[in-house]
Asker: 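Got a structure for you, written out below as structure tokens; questions coming shortly.
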Amino acid sequence: MHVVPKSSLLTFLITLILVNVLPAQDIPSPSTQLYEKGINLYESGFFEEAIERFEQFSSEYPNHEMRISADYYLVRAKTGVDSSGIETYYKQFVQEYPGSDLSEKLLKDLGHRFTEKGQYEEAIGYYQQAIKSWMKDTESAKTKYWIAEAAAENEDYADSRVYFMELANDFPDSEWAPKALYARGRLYLSQQQYNAASIAFEVLKERYPNNEITRRVGTALGESYYMQGKYEDAIEALNSALPYLEGESQQKAVFLIAESQNFLGQYDVASKSYLRYINMTKGTPQERIAHYGLGWVYNKQEIYHWAAESFGKAAIGDDEIARKAQYYKAVNEKLGGQYRKSINSFREFGERYKDGLWVERAYYEWSVSAFQASLYGEAIEVLLDLVRSDVELEEPAKIYTMLGEAFFANAEYTRAIQAFEEAEKAGNIDPALKRQARFQKAWILYRNQAYQQAQPIFESVYAETPDSEVGREALFWSADSYYKMNQFSSAAQRFKMYTQNYPDNEMMGPALYSLGWSYFEMGQYEKAVGPLEDFLENYEKPETALFPYDTDTQLRVGDAYYALGQYRQAIASYNQAIGAEPGGDYAMFQTANSYYRAGRTFEAVSNFRKMLRIYPFSRLREQAQYNVAYIYLNTNNYSQAVEEFQTVINKYPGTDWAARSQYNIGDAYYNAGEYERAIAAYQKVLDDYPRSSYIIEAINGIQYAQLSAGRSDSSSVILEEFLSDNPTSSTADQLRYRQALNVFQSGDYENAIKEFRQYLRVTNSERLMPEAYSNLGEAYRQLGQIDNAINAYQTIVDEFPNDDLASSALTSLGTLNFERGEYDLSHANYAQLLESAPRFRQEAYVGMGNASLAREKIDQAKEEYESALQVNANNEAAKVGLGKVALANNNYDEARDLLFPIAERSTTEIGAEAQYYLGKILQEQNDFNPAIEEYAKVKVLFEAFDYWVSESMYATAECHIRLGNRGEAMTVLNSIINNYPGTEAEQKAQRLLSQTDS
């Protein structure tokens, strides 16, 4: 298994360049350095960086002698980044440098690329352009040969032969000339133009009598003595007699020679003998038998397209030879990769032969070919025609099994199972085959990233046969499906089961690796260390790994110790990865961080500086230098901190780290009590980095520094001036939005509402408006202004229907309308969510079900909950909904069966709801004491969920009243009033107490 590393945890090393200090007289020029740097980046596969260097070279040194080479590599780098623009990039270069050797290279490359794509006419055009580019004779001959081959592949045989002949005439001294004449003759031969082929080969022999190719095509015909089975002797005898034979005797001798050579495996001479016989018998019935034999010769030589042609010529008529030849024609076309022709040949067989010899075999192979070509419907129809015919099947299990696989591939799963069952009846097929079909269905879903649908199928296959190979594999992919859904707890449970049950299985290594990652993702770092170290020590990474498993694992172990605060162990783990490619820079970076966290600031600074020296091009370089400065800041060495922060700015100008460093220079001066210098440093953030995210912090810094210096606060004026100077920038808009967001995040919802409303009045950008309305709605919601909240969310839905927040706005509308009893509106909100955002189908169906249940539309609610389960069979909210439906229909056993598993395993609010309804089931059956016990579990197990705890307590009070326990009921009701004010249960408790008092 290839488990993709998590980019949020690990930034890999791009490259390592060792800079050698050269003597002054050997230092290359800046232009050469720039050029060579581009070449090195290109050859290392860093195309985007190479593009920058070559563009810089061409810009700074337009008349340099290496300009054309730089532009050539620029073009190649661009194609490495954007392969779709290859033709455009190459043409631009060729137009700019016509006739150059590099243009010639690019033209030939284009020709090769179009040839590989099967676009032969375009390929020929580029090859011809290359020839016209003052190409040398040797290269011209080779390119001319490619042109002829492309024409042949395009089935333009006449043109191809002309090209081959032109090559031989124009470049007679080239090594490609005899090859061209041979290929020309071969084309004639493949088109059954045997006389022309002979003439073509004669031309080759005449012009190049001593060439190896000429010797290969020389006629080395032998004779055979066929009837006695002494094929070598037969060949010798017939060969001696052949000059004296004529007519039918001569024909028979040639045929027997061919057959003998075929039996002896002398395929080259056998094919020539067959061809001679064909020429001698052309147009007669005897010709077909030779084609059939020749077909077998080509087949045994794996020259499948020629074999198919020969069998095709033998397939004329209705006798046994014709039937077999038609079958083998299709088979050889398939073996030669000519799938379309193969299927057409099988179709012809089906049209000609409905019963008799080889019908079952041919129809089966036909279905397999159609299946492999993804023509599942055709495969199904072929097999159905066969099983419905009067043909008595020799291998019915095999036929029905193939039919089941075709149905399965066509997503007709019910019919696939039926076909497998028929196969089982017919041939005692192993039930494992059906399990394999289910596994394949899950695997297809998994590959299509439908992990929710795949996981339960994998789970069921494992449950049925945990000790089989498919069962073990199903458990692994069930676990990995959970992992892909970020359900790490379930993934870890199954990966752990896999490692415990199948320690010797080939997937043990990946399972340990994934188990460690699952624990790591859950923050269970102590548990993560064990399986990761086990994997590291006992299992090798896969040979086809897409990334360094060993380094990644070593780093994760270090990260786990780091997260646990066990810095000594973290340092030891990171040290094991130092020097790795990639990952070494991250290891050294984290080693320094570990020293810092351990309070060893000297070692931390030393390691950060070491990392910067060894990995000067690491993506972590800016942060490493920043961390050095930050350590000095935190250790009160303010002057050194300022110097180090200034190094960040000088080395990495224009980056976010530069802006952050400038801000921290202000902090350093502020902490040192140099308030005027701090103000100037903060002001420099506004002046030099107006688009950074530190503008608000810099304004605040100016405010604190001014107040600390005894000056009046002018920070608001400075901010307004900044916004005035940058009125249309996205930064300004973000600053206004951030002002509002800061107030919102502080919990001051009343002022947050004012700020967001003001932002919405003045902004000219729609980019942040949906988010502003969403936060506005939440602020209203927190203040209990539900109508205003609904209006804010409705604005998102109406004015920004394509924004990502429209779906969450509909969900909020559904929830708010449900909470205030507007069940029709709530149902409509969720229905709109279902229509507009299919990926929220589960939430939509559950919300619709809850609204329908509240409207007492029990049957409709049931359908909606079941629809949610069709999307995800593990949706606990839908299962609780069905439990409430069963309760409403007084189906208490069914309700308990649905609710109990969720209450047992869930720790979320849905578990609290399930536990509450377990009490409700007993209460409605007048089992008050057991009901009280179930209600008590809500508070014990789900104390964080006030709504369900208070509702359970109120229901407990009701049960005590029914049991005559008035004192206990009063105690519970007063506890609700004291501990859960503002809840619905508190209001109901107040009313019940007032009724009791009266």
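As the structure is a computational prediction, the values presented were derived from the model and not from experiment.
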Asker: Using only heavy-atom distances, determine whether the side chains of Q452 and Q842 contain a donor-acceptor pair under 3.5 Å.
Answerer: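 Note: Q452 and Q842 side chains meet the donor-acceptor criterion.
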
Asker: Sequence neighbours excluded, which residues qualify as salt bridge (charged side-chain N to carboxylate O under 4.0 Å, His left out) partners of E778?
Answerer: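 Scan of E778 (salt bridge (charged side-chain N to carboxylate O under 4.0 Å, His left out), adjacent residues dropped) gives none.
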
Asker: Assess whether ring-ring contact (aromatic ring centres under 6.0 Å, His included) is satisfied between Y519 and Y525, documenting all intermediate values.
Answerer: CA-CA 6 Å; Y519 286 136; Y525 303 114; over 10 Å; no

Asker: Stepwise, does the side chain to side chain contact (heavy atoms under 4.5 Å, CB included) test hold for E819 with L816?
Answerer: CA-CA 5 Å; E819 290 174 351; L816 292 174; 3.9 Å; yes

Asker: Do R621 and Y615 have a side chain donor and acceptor closer than 3.5 Å?
Answerer: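 No pair is found: no donor N or O on one side chain lies under 3.5 Å from an acceptor on the other.
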
Asker: Would you mind checking if E951 and K920 are paired as a salt bridge, meaning a charged N to carboxylate O distance below 4.0 Å?
Answerer: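 So K920 does not pair with E951 through a salt bridge.
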
Asker: Between R494 and Y482, is NZ or CZ placed under 6.0 angstrom from the six-membered ring centre and within 45° of the ring axis?
Answerer: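 Judged by the rule (NZ or CZ under 6.0 Å from the ring centre, within 45° of its axis), R494 is not positioned above Y482.
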
Asker: For a side chain to side chain contact (heavy atoms under 4.5 Å, CB included) check, start with the C-alpha distance between M522 and S489, then their side-chain angles and the critical distance, and finish with the verdict.
Answerer: CA-CA 7 Å; M522 290 189 290; S489 177; 3.7 Å; yes

Asker: Side chains of Y935 and Q923: is there a donor and an acceptor less than 3.5 Å apart?
Answerer: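 Q923 and Y935 do have a side-chain donor-acceptor pair below 3.5 Å.
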
Asker: Can you see whether N634 engages Y596 through a side-chain donor-acceptor pair at a distance of less than 3.5 angstrom?
Answerer: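 Yes, Y596 and N634 have a side-chain donor paired with an acceptor closer than 3.5 Å.
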
Asker: Just wondering, more than 12 heavy atoms not from E469 lying within 6.0 Å of its CD?
Answerer: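 Atom CD in E469 is not packed in, count stays at 12 or less.
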
Asker: Take atom CZ of R568 as the centre, draw a 6.0 Å sphere, and report whether it contains more than 12 heavy atoms from other residues, nucleotides or ligands.
Answerer: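 Incorrect, the count does not exceed 12.
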
Asker: Between S950 and D946, is any side-chain donor less than 3.5 angstrom from a side-chain acceptor?
Answerer: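 Looking only at side-chain atoms, D946 and S950 do not form any donor-acceptor pair under 3.5 Å.
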
Asker: Indicate yes or no: does D893 engage R896 in a salt bridge with an N to O separation below 4.0 Å.
Answerer: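 Not counted as a salt bridge, because no side-chain N and carboxylate O are separated by less than 4.0 Å.
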
Asker: Give the intermediate values and the outcome of side chain to side chain contact (heavy atoms under 4.5 Å, CB included) for residues Y574 and L555.
Answerer: CA-CA 6 Å; Y574 289 133; L555 293 176; 4.1 Å; yes

Asker: For the OH atom on Y630, are there more than 12 heavy atoms of other groups (residues, nucleotides or ligands in this structure) within a distance under 6.0 Å?
Answerer: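 Not more than 12 within 6.0 Å, no.
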
Asker: Between Y498 and N505, is there a side-chain donor-acceptor contact under 3.5 Å, judged purely by atom types and distance?
Answerer: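 Distance-only check passes for N505 and Y498.
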
Asker: Do Y845 and N875 have a side chain donor and acceptor closer than 3.5 Å?
Answerer: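 Looking only at side-chain atoms, N875 and Y845 do not form any donor-acceptor pair under 3.5 Å.
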
Asker: Listed by chain and number, what are the side-chain contact (heavy atoms from CB on, under 4.5 Å) partners of N627, not counting sequence neighbours?
Answerer: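 With sequence neighbours excluded, N627 shows a side-chain contact (heavy atoms from CB on, under 4.5 Å) to F589, N593, F608, Q623, given in chain and number order.
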
